[in-house]
Amino acid sequence: MTGTIEKANVFKQIMGQYPTGVTIVTTMDEVGKPAGLTVNSFASVSIDPLIVLWSIDKKVSSLDKFVKAEKFAVHTLSTEQEAACWAFAGKEADRFSKVDWKVSENGLPIIADSLGTFECKTIQQIDAGDHIILLGEVIDLNKAEKNPLLYYNRNIGPIPVNWPKK
Ligand SMILES: Cc1cc2nc3c(=O)[nH]c(=O)nc-3n(C[C@H](O)[C@H](O)[C@H](O)COP(=O)(O)O)c2cc1C
């Protein structure tokens with residue numbers, strides 16, 4: 001395989017066949033307005049200290065807000081949040097009017113009904129091609145007893161019923 005476009009297409013196909021969870025990452029801008037987007041590039045990095053990462057496309061309209069903000073919140077989504085997942089992927093003009101949310105003690109917009117929430121202090125930003133990688137140290141976290149929402153082949157859904165039990 002030689003062509004750059006061909007390689008990029010196969011790259012996208014392989015990533016489309018790589019199942020992930022799905023998250024919404026939020027932050028608060030300088031005038032106290034929430035910003036957020038659907039993200040599946042989220043990953044765990046370190047346990048001691050607790051560090052996570054995600055990457056943001058440089059074309060995203062809220063890029064500057066995330067780059068300037070000192071903190072961000074990652075919400076791992078539950079099966080109750082399918083509509084929120086699409087709303088925060090560019091389908092709605094006013095994303096936050098589609099979800100229940102409140103401002104946390106850390107000043108971050110927190111979305112209700114999430115599976116897990118990590119509130120993070122940005123510790124590093126890495127320029128990486130057409131994306132910026134944001135690394136955050138977890139300063140607060142919350143967990144709910146819910147089922148995870150998965151992303152695969154450009155669609156979202158619950159864990160298959162025949163998924164093996166431990
Ligand atoms: C399942 C899923 C995962 C996504 N993951 C990312 C991601 O990791 N990083 C990113 O920048 N955009 C990701 N996006 C796209 C953004 O959600 C989308 O470009 C963004 O909401 C556009 O915001 P804007 O209209 O304000 O520019 C993902 C979209 C979906 C549906």
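Side chains are part of it too, since the values below use all heavy atoms of this structure and drop only hydrogens, waters and symmetry mates. Counting starts at 1 for both ligands and their atoms, in listed order.
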Side chains of L50 and F118 in contact at under 4.5 Å (non-hydrogen atoms): no

Nearest neighbour in protein (non-hydrogen) for atom 26 (O) of ligand 1: S61 OG, 2.4 Å

Atom 19 (O) of ligand 1: nearest protein contact (heavy atom, Å): V60 CG2, 4.1 Å

Close-contact set for ligand 1 against G90 heavy atoms, below 4.0 Å: 21 (O)

For atom 9 (N) of ligand 1, closest protein heavy-atom neighbour: S55 O, 2.9 Å

For atom 2 (C) of ligand 1, the protein heavy atom that lies nearest, with its residue and separation: T38 CG2, 3.7 Å

From the candidates N40, T23, V22, the one that places a heavy atom nearest atom 5 (N) of ligand 1: N40

Closest protein heavy atom to atom 11 (O) of ligand 1, given as residue, atom name and distance to 0.1 Å: D57 N, 2.7 Å

A84 to I24 - nearest heavy-atom pair and separation: O-CD1, 3.7 Å

Side-chain ion pair, E145 and K143, N-O less than 4.0 Å: yes

Minimum-distance protein heavy atom relative to atom 21 (O) of ligand 1: F88 O, 3.0 Å

L149 to S78 - nearest heavy-atom pair and separation: CB-O, 3.6 Å

For atom 25 (O) of ligand 1, closest protein heavy-atom neighbour: R95 NH2, 3.2 Å

H75 to I110 - nearest heavy-atom pair and separation: NE2-CA, 3.5 Å

Interfacing atoms of ligand 1 (cut-off 4.0 Å, heavy-atom, W86): 31 (C)

Trace of the side chain to side chain contact (heavy atoms under 4.5 Å, CB included) decision for T26 with F96: CA-CA 10 Å; T26 62; F96 282 86; 3.8 Å; yes

Proximal ligand 1 atoms for Y151, defined as those under 4.0 Å from one of its heavy atoms: 1 (C)

Proximity of W54 and F66 rings by center, below 6.0 Å: yes

Shortest protein heavy-atom distance from atom 18 (C) of ligand 1, along with the residue and atom involved: A89 O, 4.0 Å

Short N-O contact, K58 and D127, less than 4.0 angstrom: yes

